[in-house]
Amino acid sequence: MAKRIFKVITPSIAMLALVYIMRDGKDILNGLFFIFPVLYIALGIICSSSVWELFFCVFLTSLALIIPINLFFNMGTCIEWALFYIALGSASYFVKCLVKKAVKK
């Protein structure tokens, strides 16, 4: 049980840490274009044991993205970015599930 909770919370903590580290300068653009999509793809692969884990993990990570970016950068909402990242994470989840099924056959 603790292992599952750790898997769900770890990506959101990583997202908070990355946004905090990138709050100075224009590094946040590198994060938006390169680092955050990779994090969401890894999130989809890590949380591939159940859909509920993926849901909670994506929810927490999206909150960890949207709230600090709005507070630190005054960029307005990043909901469009979060929706794109959620699609990436979901796609990687379903690809890993398909690969698992293919390997079991």
Which residue, Leu39, Thr10, Ile35, Leu60, forms the side-chain contact (heavy atoms from CB on, under 4.5 Å) with Met15?
Leu39
Applying the side-chain contact (heavy atoms from CB on, under 4.5 Å) criterion to Tyr40, which one of Pro11, Ser92, Ser62 satisfies it?
Ser62
According to a hydrophobic-cluster definition based on side-chain heavy atoms being under 4.5 Å apart (Ile, Leu, Val, Met, Phe, Trp, Tyr only), do [X] and [Y] belong together?
X: Val38; Y: Leu43; answer: no
X: Leu16; Y: Leu18; answer: no
X: Phe34; Y: Tyr20; answer: yes
X: Ile45; Y: Leu54; answer: yes
X: Phe94; Y: Val99; answer: no

Locate the shortest heavy-atom distance separating Met22 from Gly31; write the atom from each residue and the value.
SD-CA, 3.8 Å
Nearest heavy-atom neighbours spanning Val19 and Ala64
CG2-O, 4.3 Å
Mind checking whether Phe33 and Trp81 have side chains closer than 4.5 Å, heavy atoms only?
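Phe33 reaches Trp81 side chain to side chain.
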Going from SG on Cys47 to CZ on Phe56, what distance comes out if it is rounded to the nearest 0.5 angstrom?
11.5 Å
Can you measure from CD1 (Ile41) to CZ (Phe36) and round to the nearest 0.5 angstrom?
14.0 Å
Apply the test side-chain contact (heavy atoms from CB on, under 4.5 Å) to residues Thr61 and Cys57: give CA-CA distance (whole Å), side-chain angles for both, the deciding distance (0.1 Å), then the verdict.
CA-CA 6 Å; Thr61 308; Cys57 192; 4.3 Å; yes
Spell out, as yes or no, whether a donor-acceptor pair under 3.5 Å connects the side chain of Tyr85 to the backbone of Leu32.
yes
